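Input: a single structure, listed below in structure tokens.
This is a predicted model, so every value here is computed, not measured. Numbering of ligands and ligand atoms starts at 1, following listing order.
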Amino acid sequence: MADAPSLADKATLIIDGRGHDYTVRTGTVGPRVVDIRKLYADTDVFTYDPGFTSTASCQSKITYIDGDQGILLHRGYPIDQLAEKSSFMEVSYLLLHGELPSSAELDTFSNTITRHTMLHEQLATFYRGFRRDAHPMAVMCGVVGALSAFYHDSTDITDPEQRMIASHRLIAKMPTIAAMAYKYTLGQPFMYPDNSLSYTGNFLRMTFGVPAERYEVDPVIESAMDKIFILHADHEQNASTSTVRLAGSSGANPFACIAAGIACLWGPAHGGANEAALNMLREIGRPERIPEYIARAKDKNDPFRLMGFGHRVYKNFDPRAKVLSKAATEVLDKLGIVDPVLDTARELEQIALKDDYFVEKKLYPNVDFYSGVILSAIGFPTSMFTALFALARTVGWVAQWNEMISDPDQKIGRPRQLYVGAAQRDYVPVNQR
Ligand code: CMC
């Protein structure tokens, strides 16, 4: 029998003079949570928390963030160690299965993913329905949602094997889908995957190769790209992951759920910030103009924000930004690229970090601040940045979706509200209004 909760495990809420006790649960690390699932039944009262700033929407074993310390762990492993020593395939296995793979497990996993990289040929026709100037994220939302119309044998969410096949398909096909979205905007032929290449090398070839020429994968670019994928692989219960979980909580198929996640990621406050950050750095153009933009970011009457700065959870350096800041210099040096945008970014960071406004509000560079500089050096247009984020985050989304489906506490997500509209009133015919 479980021990009775001690005082420290209990929270008492007094409503209308009556106390109601709730269990306080403790995780491995991080803030404790008050389990208020019975609150409404007990008291007829809801909690109000728009933006979920004080709400744990689920329990999870996948990713942990300590925003004050600037720590990000995947299955317990620090992100900087994974970025330095691991590969995106290995991190994908880790996120999905909970442990680092043995060498044989990694080979089998990589092989399985490689065997799923091709798309149903009919999907190429689907692309042709889009305008050539469509944003890659618009194409990705549509094509990923459409996968459920093509892969009927992996949409039964009650079957763990079908769930795993759908997960493998999504991780494997996302590079093909993103590369095809890019090729389509250029009017170039789609490139079929080449199974002799790594996950990341294959994506680079499908994006930058053409059928008329042999494409040599540059190891510097391959390694930088793989690191970027690792850094974006998962991030706890962020907006798009919560969207995937909420969509999945109704029993929707995994392709539809991931399409919903892509739609959410697109917003400029979330994944769309990497595109916005580089556009902003280019607009600033030279260090002399930085004070003007800092002043705008601080002006309450100006909607402008420093893109790539600030985070809901990190109130210290985003550990991913630290890795990317170093990688930006390394990649540009190795590729022999001199980009004044990197100088502008470094200067802007220094000025902002000393400015009272940013210090007081604890606004630090986030993952999107330096990623764009690297992606641009590799040759991607800004419109592809968020599509790359979606590609990498797919593994996090499917890991979280699988975890949610297997969780015995899982229920359809159904928030309530504080209703402030009109009270009940009688309909008035139009000629009497
Ligand atoms: N520039 C200027 N002021 C800012 C910024 C910024 N980038 N970010 C936050 N603030 C201010 C904001 O005006 C507010 O001030 P006040 O308290 O006086 O009203 C205060 O800081 C708190 O901001 P908030 O919007 O209430 O905080 P939030 O936790 O709801 O928002 C955020 C977090 C990431 C949406 C926000 O910092 C932001 O819009 N940043 C720029 C966009 C960005 O870089 N997004 C990428 C996030 S990391 C990758 C990802 O999640 O996809």
Ligand-residue contact atoms, ligand 1 with [X], heavy atoms, under 4.0 Å:
X      : answer
Gly271 : 52 (O)
Lys361 : 11 (C), 15 (O), 16 (P), 17 (O), 18 (O), 20 (C), 21 (O)
Arg312 : 28 (P), 29 (O), 30 (O), 33 (C)
Ala273 : 43 (C), 44 (O), 45 (N), 46 (C)
Asp368 : 46 (C), 48 (S), 49 (C)
Ala297 : 2 (C)

[atom]: which protein heavy atom is closest, and how many Å away?
atom                    : result
atom 7 (N) of ligand 1  : Leu306 O, 2.7 Å
atom 42 (C) of ligand 1 : Met307 CE, 3.5 Å
atom 34 (C) of ligand 1 : Gly310 O, 3.7 Å
atom 48 (S) of ligand 1 : His311 CD2, 3.4 Å
atom 45 (N) of ligand 1 : Ala269 O, 3.1 Å

Using only atom types and a distance under 3.5 Å, with no angle test, would you say the side chain of [X] pairs donor to acceptor with the backbone of [Y]?
X      : Y      : answer
Arg75  : Leu94  : yes
Thr243 : Ala239 : yes
Asn238 : Glu236 : yes

Among all the protein's heavy atoms, is there at least one whose distance to [atom] comes out below 4.0 Å?
atom                    : result
atom 27 (O) of ligand 1 : no
atom 20 (C) of ligand 1 : yes
atom 17 (O) of ligand 1 : yes

Is it true that [X] lies under 4.0 Å from ligand 1, counting heavy atoms only?
X      : result
Tyr357 : yes
Lys300 : yes
Asn238 : no

Where the closest heavy atom to atom 13 (O) of ligand 1 is concerned, which of His235, Met280, Arg305, His270 has it?
Arg305

Which of these, Gly267, Ser371, Gly308, has its nearest heavy atom closest to atom 44 (O) of ligand 1?
Gly308

Once you measure the plane-to-plane angle for [X] and [Y], does it fall in the parallel (<30°), tilted (30-60°) or perpendicular (>60°) bin?
X      : Y      : value
Trp266 : His135 : tilted
Phe130 : Phe126 : perpendicular
Phe255 : Tyr151 : tilted

Any N or O on Phe309 sitting closer than 3.5 Å to an N or O of ligand 1?
yes

Looking only at distances, can you tell me whether any N or O atom of Asn366, backbone or side chain, sits closer than 3.5 Å to an N or O atom of ligand 1?
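By distance alone, the answer is yes.
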
Charged tip of Lys362 within 45° of Tyr364 ring normal and under 6.0 Å
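No, Lys362 does not lie over the aromatic ring of Tyr364.
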
Examine Arg416 relative to Phe46 and say whether NZ or CZ is less than 6.0 Å from the centre of the six-membered ring and inside a 45° cone about the ring axis.
no

Is the contact between Phe389 and ligand 1 made by the side chain, the backbone, both, or neither, using heavy atoms and a 4.0 Å cut-off?
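For Phe389, the contact with ligand 1 is made by the side chain alone.
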
Residue portion contacting ligand 1 (non-hydrogen atoms closer than 4.0 Å) for Leu363:
side chain

With sequence neighbours excluded, what pairs up with Lys298 under the side-chain hydrogen bond (donor to acceptor under 3.5 Å, both in side chains) test?
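In terms of side-chain hydrogen bond (donor to acceptor under 3.5 Å, both in side chains), with neighbours along the sequence ignored, Lys298 is linked to Asp355.
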
Not counting sequence neighbours, which residues clear side-chain hydrogen bond (donor to acceptor under 3.5 Å, both in side chains) with Thr207? List them please.
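Counting only residues at least two positions away or on another chain, Thr207 forms no side-chain hydrogen bond (donor to acceptor under 3.5 Å, both in side chains).
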
Do the charged groups of Glu330 and Lys326 touch, with an N to O distance under 4.0 Å?
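A salt bridge links Glu330 with Lys326.
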
Regarding Arg289 and Glu283, does a basic nitrogen lie under 4.0 Å from an acidic carboxylate oxygen?
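No, no charged N to carboxylate O under 4.0 Å.
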
Taking the ring centre of each residue, are Phe385 and His232 less than 6.0 Å apart?
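Judged by ring-centre distance (under 6.0 Å), Phe385 and His232 do not meet the cut-off.
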
Using a 6.0 Å cut-off, check whether atom CZ of Arg132 has over 12 heavy atoms from anything other than its own residue.
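Counting neighbours around CZ of Arg132, more than 12 heavy atoms of other residues, nucleotides or ligands fall under 6.0 Å, so yes.
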
